[in-house]
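Protein chains get the first letters and strands the later ones, always in sequence-line order, with residue 1 at the start of each. Only a predicted model underlies this, so the values are computations on that prediction, with no experimental measurement involved.
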2 protein chains.
Amino acid sequence: MVTIKDIAARLKVSPSTVGRALADDSRISEATKQRVTEVANEMGYVANLAARMMRGVSSNLVGFVLPDIRNGFYSTVAHALSKCLQRGGFQLTLSETDDDRLVELHHIRELTSANVAGIIIVPTAKPHPDSVKLLKMLPHIQLLRRHASLGEQWFGIDDTQAIYAATSHLVQLGHHRIGYIGATDELPTGSARLKGFHQALPRGENVNPALVQLVAPGSIDIGREATRRLLSLPTPPTAIVAGSVQTTQGVLEELTAQGVRVPDDLSVVGFGDEIGFRWWGPGLTTVGLPVYDLATACGLWFVHQIKDNAVTSAPYTSISPATLIVRGSTKQLAPASGRRIASPRRRTVVSG
Amino acid sequence: MVTIKDIAARLKVSPSTVGRALADDSRISEATKQRVTEVANEMGYVANLAARMMRGVSSNLVGFVLPDIRNGFYSTVAHALSKCLQRGGFQLTLSETDDDRLVELHHIRELTSANVAGIIIVPTAKPHPDSVKLLKMLPHIQLLRRHASLGEQWFGIDDTQAIYAATSHLVQLGHHRIGYIGATDELPTGSARLKGFHQALPRGENVNPALVQLVAPGSIDIGREATRRLLSLPTPPTAIVAGSVQTTQGVLEELTAQGVRVPDDLSVVGFGDEIGFRWWGPGLTTVGLPVYDLATACGLWFVHQIKDNAVTSAPYTSISPATLIVRGSTKQLAPASGRRIASPRRRTVVSG
DNA sequence: CTGAAAGCGCTAACAA
DNA sequence: TTGTTAGCGCTTTCAG
């Protein structure tokens with residue numbers, strides 16, 4: 001490995017001169033700079049980041065801590081972040097937690113010891129106290145999910161509004177028995193979405209608890225099972241709202257497997273607009289999320305924070321709205337199948 | 001930041017004792033070790049990787065250089081690798097090249113200067129000479145794609161066989177005019193797949209060049225356009241083979257948009273088994289790839305290499321076979337639409 | 001404008 | 001079993 005010393009020796013100058021020349025220090029003559037950079041290139045010099053980091057400079061690494069990269073949601077985010085950060089001279093590292101707080105802690109430890117410039121995190125439901133402690137010492141932003149203990153820096157979407165829009169679309173189509181399959185309300189996103197679901201239902205309507213299926217995040221199959229449970233109810237729902245990308249995929253798989261006719265027998269609204277949602281059955285009506293833009297905004301802001309050394313603890317929150325994309329998987333509830341309950345009361349129609 | 005010295009001071013021992021205790025050195029008494037680890041935890045000590053690296057030890061970072069993480073193909077790989085490496089105590093960093101060799105070079109430079117333990121790479125078509133030079137100095141493995149200049153360490157799938165299987169399936173169903181949409185043959189995978197396509201066609205059959213659409217990798221829309229070109233041919237194909245995940249998605253999107261009836265008007269075989277391929281139209285007949293297992297094998301082997309300090313230049317190649325998954329998107333060519341050419345000759349039926 | 005020297009946190013050779 | 005010391009490559013005072 002060729003060091004600053006080697007260059008210095010070759011040029012018969014001191015190491016510090018070389019160091020300064022490479023750092024484009026104003027006190028070094030142009031002539032010297034030129035010679036130095038020339039020789040450096042010639043000898044194939046690459047700065048030793050480790051040594052640099054020892055001098056207090058943090059690395060150009062930014063940790064991205066997330067549940068699972070296979071989720072199209074997150075891989076889009078990773079891509080956007082990676083682009084932004086790269087432009088800012090940073091490199092993204094990937095840490096998957098599988099929604100396990102201990103794994104999360106482990107990763108944060110690693111990242112800390114690697115002197116990362118900062119961390120962008122999609123936190124687990126209840127981060128470990130040690131994780132919180134460690135994050136306090138680093139620039140960090142929460143993405144999508146948000147946990148109070150991790151500070152006020154957050155980029156996310158309006159989860160409540162998203163599911164509200166999805167659900168009220170169905171309500172407006174005359175649906176009463178609407179099933180919901182989403183993440184546990186332990187997750188901040190989970191509870192926000194559930195709230196949106198409830199808000200959109202006509203006031204005073206009693207929701208059959210069996211219609212609300214809260215599942216652990218992380219697997220498509222869990223979504224499938226929940227769908228199966230809903231469909232095998234004595235009086236199954238006439239419509240289903242999926243409350244996450246993965247549950248959406250679970251719902252679609254199960255409906256396809258069971259051969260349920262959509263939208264004739266069942267209306268469905270998905271979450272997110274992953275590849276394939278458009279071509280599923282009659283086209284999936286779904287909640288479109290500005291994931292890419294959101295992540296880009298987050299990345300840009302993060303770079304700004306670190307580079308310009310802005311106060312890292314100042315609260316900053318960005319909430320992006322979701323938009324309903326209506327395709328073929330939802331339709332007006334046919335009077336026949338929509339067995340009305342007792343006295344049909346007026347629906348409070350609300351626009352999302 | 002709490003250092004080894006702080007712990008030493010607190011315990012009134014020397015820094016090296018603490019260092020050794022933490023490294024579980026055999027010469028340190030159990031009692032001391034216990035006290036040290038206790039205090040270390042209490043004070044929230046995290047080893048400074050930078051300092052460690054300065055001592056010659058390479059970091060626990062492994063670079064993963066790939067075209068685009070949004071491709072489900074690669075995000076699966078990333079997930080598998082991440083799992084493996086984590087178990088081995090490594091951390092994965094993400095470097096997206098967008099199939100640009102200069103970006104690739106840039107990333108490899110960065111990774112080198114970050115002292116990564118090694119690099120796992122899905123190389124661009126023609127890596128820059130400097131990239132080659134840099135990689136020579138690092139443990140590295142090629143994944144999926146393979147370029148001769150980057151050495152003999154490769155984990156991939158049998159691309160030729162994969163497309164061969166896809167194509168000969170169609171041939172056996174009586175198709176003659178089979179279109180192929182795949183990556184440029186500049187890419188090693190691209191040319192291997194194209195080869196498989198040609199091999200599967202009945203001998204002596206002249207392929208209309210217009211039926212073979214080679215496109216640049218990286219975008220679904222390019223696949224759509226190619227599909228459009230195929231469909232608007234004077235005598236369009238009766239079947240299409242997609243030669244990559246992204247072109248598959250492009251084909252599906254376009255066919256859906258145009259409302260082409262599959263498999264009645266057109267048979268389709270996809271590449272890879274992404275989420276949604278199962279539920280597209282009548283279910284997509286496709287080539288299933290053992291991506292996850294492949295990546296896991298690669299990760300395991302990589303960890304082994306680095307940890308056990310095995311000779312890094314010893315050639316090692318692992319080729320995984322693909323398997324055809326027959327669903328509803330392919331069917332026997334109806335005599336009517338399958339305008340036979342001159343004298344129908346015997347097909348050489350081959351099993352993939 | 002340039003040089004000398006100290007020190008970042010850790011490890012390892014050498015001493016005790 | 002533990003302590004002392006030197007040095008990894010770089011930045012950064014402090015002196016020229």
N or O in side chain of B:Ser16 less than 4.0 angstrom from C:dT11 OP1/OP2:
no

Using whole Å, what does the distance between atom C1' of nucleotide C:dC8 and atom CD1 of B:Ile4 come to?
14 Å

Atom pair distance, as rounded to whole Å: CG in B:Leu11 and C1' in D:dG3:
15 Å

Side chains of B:Gln91 and A:Ser95: is there a donor and an acceptor less than 3.5 Å apart?
yes

With a 4.0 Å cutoff (strictly under), does any side-chain N or O of A:Thr32 reach OP1 or OP2 of C:dC1?
no

Among C:dA13, C:dT2, D:dC10, the nucleotide that comes nearest once only the side chain of A:Thr3 is considered
D:dC10

To the side chain of B:Asn48, which of D:dC10, C:dG9, D:dG3 is closest?
C:dG9

Think A:Thr17 has a side-chain N or O under 4.0 angstrom from the OP1 or OP2 of C:dC1?
no

Just the rounded figure in Å: distance from P of D:dC14 to CZ of A:Arg20.
13 Å

Could you tell me the separation between the CG atom of B:Leu22 and the P atom of D:dT2, rounded to a whole number of Å?
14 Å

Length of the line joining B:Met54:CE and D:dC10:P, which is rounded to integer Å
8 Å

Going by distance alone, is a donor N or O of one side chain under 3.5 Å from an acceptor N or O of the other, for A:Glu104 and A:Thr124?
yes

Within the structure shown, what part of the strands sits under 4.0 Å from B:Arg27 by heavy-atom distance: base, sugar-phosphate, or nothing?
base

Whole angstrom value for the distance that separates P of C:dC1 from CD of A:Gln34:
15 Å

Can you label the angle between the A:Phe155 ring and the A:Tyr316 ring as parallel, tilted or perpendicular, going by 30° and 60°?
tilted

Looking at A:Arg55 and D:dG9, is any side-chain donor or acceptor paired with a base atom of the opposite kind under 3.5 Å?
no

